[in-house]
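Counting begins at 1 with the first residue of the sequence. First listed ligand is number 1; within each ligand, the first listed atom is number 1.
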Amino acid sequence: MQDVLRPGLFAGKSVVVTGGSTGIGLAIAHAFKRFEADVHILSRKPEHLAAAAKHLAGAGLGRVTTHSVDVRQADAVAAATKAIGPVDVLVNAAAGNFPGPFDALSANAWGTVVDIVLNGTANVCRAVRPNLRSGASILNIVAGYAWTGAPGVAHSGAAKAGVLNLTKSLAVEWAPIRVNAVSPGPIEGTEGMKRLADDLGLRPAIEKAVPQRRLGDPDEIAQACLWLASPGASYVTGTCLVVDGGMDAKGPFGDLLTGG
Ligand code: HXC
Ligand code: NAP
């Protein structure tokens, strides 16, 4: 087998990144552009889409196609994917989340997060399905609290757990289309960390909880996505690649001897 992460790896390939206008999704879009993919970004706010397009053009990576779409709106998602045409890689990174105990979440607050994260991912998968080319793969961005208790983010945890299960179900139902998840740890400079680390003053505690004692970089998530979407991962499906500086590996006893 040829080594895979080489220049031009995704030339001629069509890559769709939901939530690709900011944060981790933007880093993923940037990475696929570096390997010459045709990148389509789907998210809601035109100002985010315009800034992302400018950012990528400013980095010398050329044009991306942007689509102002709310992933909760199945008809709008279907229209956008029809306009996009054939797809080689779909990355579902769009998400909504805000910290708050379950008792403080109204039915609409709960439903909003579940609708964006779980139903939105399903909407995009369903719409893209007929357009998937031979060799295509899907990556769903989840979070470590998809398989642990998620105090303060029960809505997001439940939704990500659903996405993790959808990942496995579609890997089975849609084989040989590959469907995998990537689970980032706490990632520097993102909206998610602004809400959880900065607004709540939890940054020092979060850094201490990571065995590598630092937050991750968005590009460290993008690198994992490149590999999972590449032919080098051709027999990898239905799994979740955890990219979290060792946070998940640590478990309940991890702090006892390391002082974490
Ligand atoms: C309690 C809240 C709330 C808050 C909103 N709501 N913010 N409840 N605490 N902080 C409630 C509202 O009162 C309303 O319920 C319901 O949620 C819907 O709110 P809207 O503002 O109408 O929703 P909408 O405009 O659709 O916006 C969606 C959103 C918003 C999720 C609320 O924050 C957003 O657009 N987020 C996108 C960006 C984002 O969240 N990025 C972070 C991803 S990080 P009522 O009952 O009043 O009608 C991530 C994981 C990080 O996913 C993991 C780190 C380890
Ligand atoms: P972010 O920048 O807020 O990314 C979320 C993206 O989704 C934005 O581009 C947003 O753009 C888009 N979006 C939100 N609601 C949408 C909707 N209804 N329809 C379409 N697009 C929508 O946050 P991030 O922290 O980088 O998160 C990216 C992904 O990584 C998410 O899946 C998140 O759960 C996951 N994650 C993040 C961390 C972390 O440390 N940050 C850790 C674990 C997992 P618009 O607002 O313009 O629509």
### Query
With only distance considered, is S106 within less than 3.5 Å of ligand 1 through an N or O on each side?
yes
### Query
Out of E191, M193, R195, whose heavy atom sits nearest atom 36 (N) of ligand 1?
R195
## Note on the structure
Quick look: L196 vs ligand 1, heavy-atom contacts under 4.0 Å, and the answer is side chain
### Query
Given F98, Y145, W110, which one has a non-hydrogen atom that is nearest to atom 8 (N) of ligand 1?
F98
#### Entry: Proximal atoms of ligand 1 relative to R72 (non-hydrogen, under 4.0 Å)
26 (O)
### Query
Would one find an N or O of T112, backbone or side chain, under 3.5 Å from an N or O of ligand 1?
no
### Message
My question is simple, although I want it checked carefully: is atom 54 (C) of ligand 1 less than 4.0 angstrom from any protein heavy atom?
### Response
yes
### Query
Which heavy atom in N123 sits nearest to a heavy atom in V77, and how many Å separate them?
O-CG1, 3.9 Å
### Shortest heavy-atom approach to atom 44 (C) of ligand 2 - which of V113, I141, V142
V142
### Message
Checking contacts here: is it the side chain or the backbone of I116 that comes within 4.0 Å of ligand 2, counting heavy atoms only? Could be both or neither.
### Response
side chain
### Task
For ligand 1, find out whether one of its N or O atoms is nearer than 3.5 Å to an N or O atom of K160.
no
### Message
The test is side-chain contact (heavy atoms from CB on, under 4.5 Å); show your working for V113 and F98 and say whether it passes.
### Response
CA-CA 9 Å; V113 170; F98 44 82; 3.8 Å; yes
### Task
Counting heavy atoms only, name the option from D70, T18, L196 that's nearest to atom 18 (N) of ligand 2.
D70
#### Entry: For ligand 2, the portion of A94 having any non-hydrogen atom under 4.0 Å away
both
